**Q** 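Encoded as structure tokens, here's the structure I'll be asking about.
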Number of protein chains: 2
Amino acid sequence: MLIRELSLRTGASIRSVRHYESKGLLEARRLANGYREYDEDAIAKVKTIQLYLNLGFSTDNIAQIINCPTLPQNDRPLCKEAYKLYKVKLDEVNKQLEILHSIQLRLQERMKEFE
Amino acid sequence: MLIRELSLRTGASIRSVRHYESKGLLEARRLANGYREYDEDAIAKVKTIQLYLNLGFSTDNIAQIINCPTLPQNDRPLCKEAYKLYKVKLDEVNKQLEILHSIQLRLQERMKEFE
DNA sequence: CTTGACTATAACATAAATGTCATGCTTTAT
DNA sequence: ATAAAGCATGACATTTATGTTATAGTCAAG
């Protein structure tokens, strides 16, 4: 598919898709045209990028994480960094998730009072 | 405590603390000086703000959420908005948390191979 | 073969959090 | 009382993702 279709099917703007590519998060074959061409997998990839962005990762962080499993062995230290990123974020997320849940409960109760 | 201490004990820069205040996320008594003075609770509040920011909420979002429980009754609609914010983010977080966990597993296995 | 829709790249703009700097008022210590 | 350090406000800068605009190549339809 061409870039517009990818954009429509993910909700990411064309501009953003190109940006993700420039940051090394996404690849595209090029047609004889020079047009970018994507396969179906690209959709899942873009959606993953969107989720990570929504959780407060930067594109640089995301690049580390996404590219890690495909790196050659001598780039392994970069993987360790990606791993650290995970742990830190995972801790944050878990922590906040607890808080969100308790606040959600409190909110739900409060809102019941006014319905 | 004065602003520097709050900054040191939370890791938020003085600049950021003032910014949070200007966005309605944090209050400070003022000494006769004009200096801001905070109590111990301020530390937890700043840390909460930091967590929310790290999860990709904007200060405007955070303001809605934080101020909701203290709003008078006729501002209830704002609370509903805050509640929606929660739900959306909570869904996102849960979704990504699953993915993070599975990736974490994969990572851990891969890293074991190289230790 | 021209028009319109799509693509490309590149430059400039914007929003939001944060950094930095300038200027000036306290306060504390010498 | 003067210097050093902390505070205040305000303006400008920077970063990052994204929007917007300009310019130009490609392709399908009339």
Side-chain angles (χ1 to χ4, degrees), chain A residues 1-39 42-43 45-67 85 88-89 92 96, chain B residues 1-39 42-43 45-67 81-82 85 88-89 92 96:
Chain A
M1 77 191 82
L2 298 188
I3 196 168
R4 179 170 303 270
E5 186 178 346
L6 180 59
S7 167
L8 290 174
R9 292 172 67 183
T10 59
S13 70
I14 291 179
R15 174 69 170 83
S16 293
V17 171
R18 295 204 187 108
H19 178 61
Y20 301 155
E21 178 180 321
S22 80
K23 290 292 185 174
L25 306 183
L26 192 62
E27 286 175 21
R29 279 180 308 284
R30 294 297 184 122
L31 300 177
N33 287 350
Y35 289 15
R36 290 171 179 82
E37 199 200 26
Y38 302 92
D39 52 28
I43 291 176
K45 285 180 187 167
V46 170
K47 288 188 173 171
T48 297
I49 294 168
Q50 292 175 312
L51 278 170
Y52 278 120
L53 284 174
N54 261 320
L55 290 186
F57 283 103
S58 68
T59 46
D60 286 349
N61 286 168
I62 301 175
Q64 282 187 269
I65 292 167
I66 286 182
N67 294 325
L85 282 178
V88 168
K89 178 62 68 171
E92 277 174 19
Q96 191 56 15
Chain B
M1 78 191 81
L2 299 187
I3 197 168
R4 178 170 304 269
E5 185 178 345
L6 180 58
S7 167
L8 290 174
R9 291 174 67 184
T10 59
S13 70
I14 292 179
R15 174 70 171 83
S16 292
V17 171
R18 294 203 187 108
H19 179 62
Y20 301 156
E21 179 179 320
S22 81
K23 290 292 185 173
L25 306 184
L26 192 63
E27 287 174 19
R29 279 180 308 284
R30 295 299 183 121
L31 300 177
N33 287 351
Y35 288 15
R36 292 172 177 83
E37 198 201 26
Y38 302 92
D39 52 28
I43 291 176
K45 285 179 187 168
V46 169
K47 287 188 176 172
T48 297
I49 294 168
Q50 292 175 312
L51 277 170
Y52 278 119
L53 284 174
N54 262 320
L55 289 185
F57 283 103
S58 68
T59 46
D60 286 350
N61 287 167
I62 302 175
Q64 281 187 271
I65 293 167
I66 286 182
N67 295 326
E81 283 310 305
L85 282 179
V88 169
K89 179 62 68 172
E92 278 175 16
Q96 191 56 14

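Sequence lines set the chain letters: A, B, ... in the order given, protein chains first and strands last, and positions in each chain run from 1. This is a predicted model, so every value here is computed, not measured.
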**Q** So what does Arg36(B) touch, heavy atoms closer than 4.0 Å: a base, only the sugar-phosphate, or nothing?
**A**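 Arg36(B): backbone/sugar contact only, no base atoms under 4.0 Å.
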**Q** Run the side chain to side chain contact (heavy atoms under 4.5 Å, CB included) check on Val46(A) and Tyr38(A) step by step: do they pass?
**A** CA-CA 11 Å; Val46(A) 170; Tyr38(A) 302 92; over 6 Å; no
**Q** Can Arg29(A) and Asp39(A) be said to form a side chain to side chain contact (heavy atoms under 4.5 Å, CB included), step by step?
**A** CA-CA 9 Å; Arg29(A) 279 180 308 284; Asp39(A) 52 28; 3.9 Å; yes
**Q** I need the minimum non-hydrogen distance between Leu25(A) and Ile66(A), along with the two atoms involved.
**A**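 Reported closest heavy-atom pair: O-CD1, 4.2 Å.
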**Q** Using a cut-off of 6.0 Å, state whether more than 12 heavy atoms not belonging to Glu27(B) lie near its atom CD.
**A**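 No, not enclosed.
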**Q** Please list, pair by pair, any protein nitrogen or oxygen found under 3.5 Å from a nitrogen or oxygen in nucleotides 26-29 of chain D.
**A**
| unit_1 | atom_1 | unit_2 | atom_2 | d |
| --- | --- | --- | --- | --- |
| dT26(D) | O3' | Asn33(A) | OD1 | 3.1 |
| dC27(D) | OP1 | Asn33(A) | OD1 | 2.1 |

**Q** What is the separation between atom CD on Glu21(B) and atom C1' on dA8(D), rounded to the nearest whole Å?
**A**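 Interatomic distance, CD of Glu21(B) to C1' of dA8(D): 11 Å.
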**Q** Tell me the interatomic distance from Leu25(A), atom CG, to dT16(D), atom P, rounded to whole angstroms.
**A**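 It is 13 Å, rounded to the nearest whole Å.
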**Q** Could you tell me whether the phosphate oxygens of dT15(D), OP1 or OP2, come under 4.0 Å of any side-chain nitrogen or oxygen in Ser58(A)?
**A**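 For dT15(D), OP1/OP2 do not have a side-chain N/O of Ser58(A) under 4.0 Å.
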**Q** Taking the side chain of Arg4(A) as its heavy atoms from C-beta onward, which of dT9(C), dA17(D), dC6(C) lies nearest to it?
**A**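 Ranking dT9(C), dA17(D), dC6(C) by closest atom to the Arg4(A) side chain puts dC6(C) first.
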**Q** Between Thr59(B) and dA16(C), is there a contact of a side-chain N or O with OP1 or OP2 at under 4.0 Å?
**A**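 For dA16(C), neither OP1 nor OP2 has a side-chain N or O of Thr59(B) closer than 4.0 Å.
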**Q** Using a 4.0 Å cut-off on heavy atoms, which residues in residues 8-15 of chain B reach DNA chain C? List them by number, or say none.
**A**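 Residues of residues 8-15 of chain B under 4.0 Å from DNA chain C: Ser13(B), Arg15(B).
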**Q** To the nearest 0.5 Å, what is the distance between CG on Leu6(B) and OH on Tyr20(B)?
**A**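 Going from the CG atom of Leu6(B) to the OH atom of Tyr20(B) covers 10.5 Å.
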**Q** If I take atom CG in residue Leu26(A) and atom P in nucleotide dT18(D), what distance separates them, rounded to the nearest angstrom?
**A**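 To the nearest whole Å, that distance equals 13 Å.
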**Q** OP1 or OP2 of dA17(D) less than 4.0 angstrom from a side-chain nitrogen or oxygen of His19(A), does that happen here?
**A**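 So the side chain of His19(A) is within the cut-off, an N or O lying under 4.0 Å from OP1 or OP2 of dA17(D).
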**Q** At under 4.0 Å between heavy atoms, what does Leu2(B) touch on the DNA or RNA strands: base, sugar-phosphate, or nothing?
**A**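 Sugar-phosphate only.
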**Q** When you measure from the side-chain N and O atoms of Arg30(B) to the phosphate of dT9(D), is any distance below 4.0 Å, counting only OP1 and OP2?
**A**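 Affirmative; the distance criterion is met.
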**Q** Let me know the distance between CG of Leu31(B) and P of dA8(D), rounded to the nearest Å.
**A**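 It is 9 Å, rounded to the nearest whole Å.
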**Q** Atom CE of Met1(B) and atom C1' of dG6(D): how far apart are they, to the nearest Å?
**A**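 Whole-Å distance recorded here is 16 Å.
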**Q** Find the distance Tyr20(B):OH to dA16(C):C1' and express it as a whole number of Å.
**A**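 That distance rounds to 11 Å.
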**Q** Could you check whether atom CD of Glu37(B) has more than 12 heavy atoms from other residues, nucleotides or ligands sitting under 6.0 Å from it?
**A**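 Enclosed.
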**Q** Excluding sequence neighbours, so at least two apart, what forms side chain to side chain contact (heavy atoms under 4.5 Å, CB included) with Arg18(A)?
**A**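 Arg18(A): side chain to side chain contact (heavy atoms under 4.5 Å, CB included) contacts with Ile3(A), Ile14(A), Arg36(A).
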**Q** Name the closest nucleotide to the Leu53(B) side chain, picking from dT18(D), dA8(C), dT18(C).
**A**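 Given the options dT18(D), dA8(C), dT18(C), the side chain of Leu53(B) is closest to dT18(C).
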**Q** Roughly, in whole Å, what's the span from CZ in Arg18(A) to P in dC6(C)?
**A**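 Taking CZ of Arg18(A) and P of dC6(C), I get 13 Å after rounding.
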**Q** Once rounded to the nearest 0.5 Å, what's the spacing between atom CG of Leu2(B) and atom CG of Leu8(B)?
**A**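 So the CG of Leu2(B) and the CG of Leu8(B) are separated by 11.0 Å.
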**Q** If I take atom CD1 from residue Ile49(A) and atom CG from residue Asn54(A), how far apart are they, to the nearest 0.5 angstrom?
**A**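 With rounding to 0.5 Å, CD1 (Ile49(A)) is 12.5 Å from CG (Asn54(A)).
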**Q** Quick one: NE2 on His19(B) to OG1 on Thr59(B), what's the gap to the nearest 0.5 Å?
**A**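 His19(B) atom NE2 to Thr59(B) atom OG1 measures 4.5 Å (nearest 0.5 Å).
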**Q** Would you kindly give the CG-to-C1' distance between Asp60(A) and dT16(D), to the nearest whole Å?
**A**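 One finds 9 Å between C1' of dT16(D) and CG of Asp60(A), rounded.
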**Q** Is the shortest side-chain N/O distance from Ser16(A) to OP1 or OP2 of dA17(D) below 4.0 Å?
**A**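 Looking at the OP1 and OP2 atoms of dA17(D), neither is under 4.0 Å from any side-chain N or O of Ser16(A).
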